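This report refers to the structure that appears directly beneath it.
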There are 2 protein chains.
Amino acid sequence: MLSNDEKFRQFLQSKGLKFTPERQAILNCVFASDRHFEAEDLLIDMRQHDLRVSKATIYRTLALLVKGGLLREVIFGEKHAHYEHVHDHEHHDHLVCSGCGKIIEFTDERIERLQDEVCNKHKFRTISHRLQITGLCEDCINAGISE
Amino acid sequence: MLSNDEKFRQFLQSKGLKFTPERQAILNCVFASDRHFEAEDLLIDMRQHDLRVSKATIYRTLALLVKGGLLREVIFGEKHAHYEHVHDHEHHDHLVCSGCGKIIEFTDERIERLQDEVCNKHKFRTISHRLQITGLCEDCINAGISE
DNA sequence: ATGGGTGCAAATGCTTTGCAAGTAC
DNA sequence: GTACTTGCAAAGCATTTGCACCCAT
């Protein structure tokens, strides 16, 4: 299996784009941890590691990483973009707690299959899908937090 | 069953809020047709019917309609909000065509049940959920349109 | 009468873009 | 050498907010 590095490099090459130090640095930083993040998080994270890239370049590179299939864009309660790694092995969906913001990931093969069935019925060709359930997690329910 | 009018009126009253002519006009306009729309669409629509309300009031009222359970906020490809009517009879999900923007609604009881099952497993209390599949519709596939 | 509501314009917050200078290929 | 890239600051866009005046209850 290709490393993220090679995957991105190949994607850029196929589009006639360049693999610059800035893109390398962003790529490293994005894949250094495995959590959901947004553009601002990444910027702060990079600054803390003394990697200086402009905000504009971060936005431009994140868009490329999505196009190249290395990141997936997810939109939670807020209206700005969040990103997560694309894992080659599985697609997953999210439970988003509106009490504490916690995000629980899950996969359910049966749901995936039913989605495929719906698409077939409508002669629709899936590119991507997103299932998100908003609610309250166990901790918040116990803490008596309500919507 | 309550009309939208009565439902909104009751909601407002229960919160100590007022039923103003502006809110009435927006309510009428929102429920005059049955499609997905965004704030700007509504503004234009109202202007064309010579109903003048400020953009600020539209935003403020849409938020109230969501809180009151008359509208549901859905977020498609773009990062701004879209709205749809809440039908008392069913929740539905969306197939969004990235070729022509068409939106196909569907419901599948089995998927709903599996979602409940997932939530139970995680002791998560659902407030709302959203399933959206992005892809190409039959027409766009036949027209040879690709992502 | 009074607490909420409205319009307006300014502010916000995320994201995109124009441009001049730099650089990977 | 020539596209493609970058950083910066300015622009964009949807949405929110402060404020002075207005009105439904």
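As the structure is a computational prediction, the values presented were derived from the model and not from experiment. Convention: sequence-line order gives letters A, B, ...; per-chain numbering from 1.
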**Asked** Between B:Arg113 and B:Glu109, is the closest basic N to carboxylate O distance under 4.0 Å?
**Response**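 Between B:Arg113 and B:Glu109 there is a salt bridge, with a charged N closer than 4.0 Å to a carboxylate O.
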
**Request:** Only counting residues at least two apart or in another chain, list the ones meeting side chain to side chain donor-acceptor pair (under 3.5 Å) with B:Gln10.
**Result:**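 Expected list: none.
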
**Residues which pass side chain to side chain donor-acceptor pair (under 3.5 Å) with B:Ser54, listed by chain and number, not counting sequence neighbours** =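 Partners of B:Ser54 under the side chain to side chain donor-acceptor pair (under 3.5 Å) test: B:Thr57.
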
**Request:** List for me each residue that meets ring-ring contact (aromatic ring centres under 6.0 Å, His included) alongside B:Phe11, sequence neighbours excluded, and say none if there are none.
**Result:**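 Partners of B:Phe11 under the ring-ring contact (aromatic ring centres under 6.0 Å, His included) test: none.
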
**Residues which pass ring-ring contact (aromatic ring centres under 6.0 Å, His included) with B:Phe37, listed by chain and number, not counting sequence neighbours** =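 Checked B:Phe37 against ring-ring contact (aromatic ring centres under 6.0 Å, His included); matches are B:Tyr83.
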
**Request:** Could you state the atom-to-atom distance from CG of A:Leu12 to C1' of D:dA3 in whole Å?
**Result:**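 My rounded result for the distance is 14 Å.
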
**Asked** Tell me: CG of A:Leu64 to C1' of D:dT5, nearest whole Å?
**Response**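 About 11 Å, once rounded to whole Å.
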
What residues form a side chain to side chain contact (heavy atoms under 4.5 Å, CB included) with [X], not counting sequence neighbours?
X	result
A:Asn28	A:Asp5, A:Gln24
B:Lys123	A:Glu138
A:His49	A:Asp45, A:Leu51
B:Thr20	B:Lys18, B:Glu22, B:Arg23

**Asked** Would you call the rings of A:Phe8 and A:Phe19 parallel, tilted or perpendicular, where under 30° means parallel and over 60° means perpendicular?
**Response**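 The arrangement is perpendicular - the two ring planes meet at more than 60°.
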
**Request:** Take the angle between the ring planes of B:His36 and B:His94 and call it parallel below 30°, perpendicular above 60°, tilted in between.
**Result:**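 Rings of B:His36 and B:His94: perpendicular, over 60°.
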
Could you go over nucleotides 11-15 of chain D and give all protein N or O partners under 3.5 Å, atom names and distances?
unit_1, atom_1, unit_2, atom_2, d
D:dT15, OP1, B:Ala81, N, 2.9
D:dT15, OP2, B:Tyr59, OH, 2.5

**Item:** Taking every non-hydrogen atom, the tightest pair across A:Asn4 and A:Leu70
**Value:**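 It is O-CD2, 3.5 Å.
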
**Message:** Please give me the minimum heavy-atom distance between B:Cys29 and B:Met46, naming the atom from each residue.
**Reply:**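 Closest pair (atom of B:Cys29, atom of B:Met46, distance): SG-CG, 3.5 Å.
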
**Prompt:** Going by number, which of residues 43-50 of chain A have a non-hydrogen atom under 4.0 Å from DNA chain D?
**Reply:**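 None, since no heavy atom is under 4.0 Å.
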
**Prompt:** What string of B, S and - do you get for nucleotides 18-25 of chain D, 5' to 3', if B is base contact, S is sugar-phosphate-only contact and - is no contact with any protein heavy atom under 4.0 Å?
**Reply:** B-----BS

**Item:** Covered region of DNA chain C, 5' end to 3' end, by chain A [heavy atoms, under 4.0 Å]
**Value:**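 From 5' to 3', the first and last contacting nucleotides are C:dC14 to C:dC25.
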
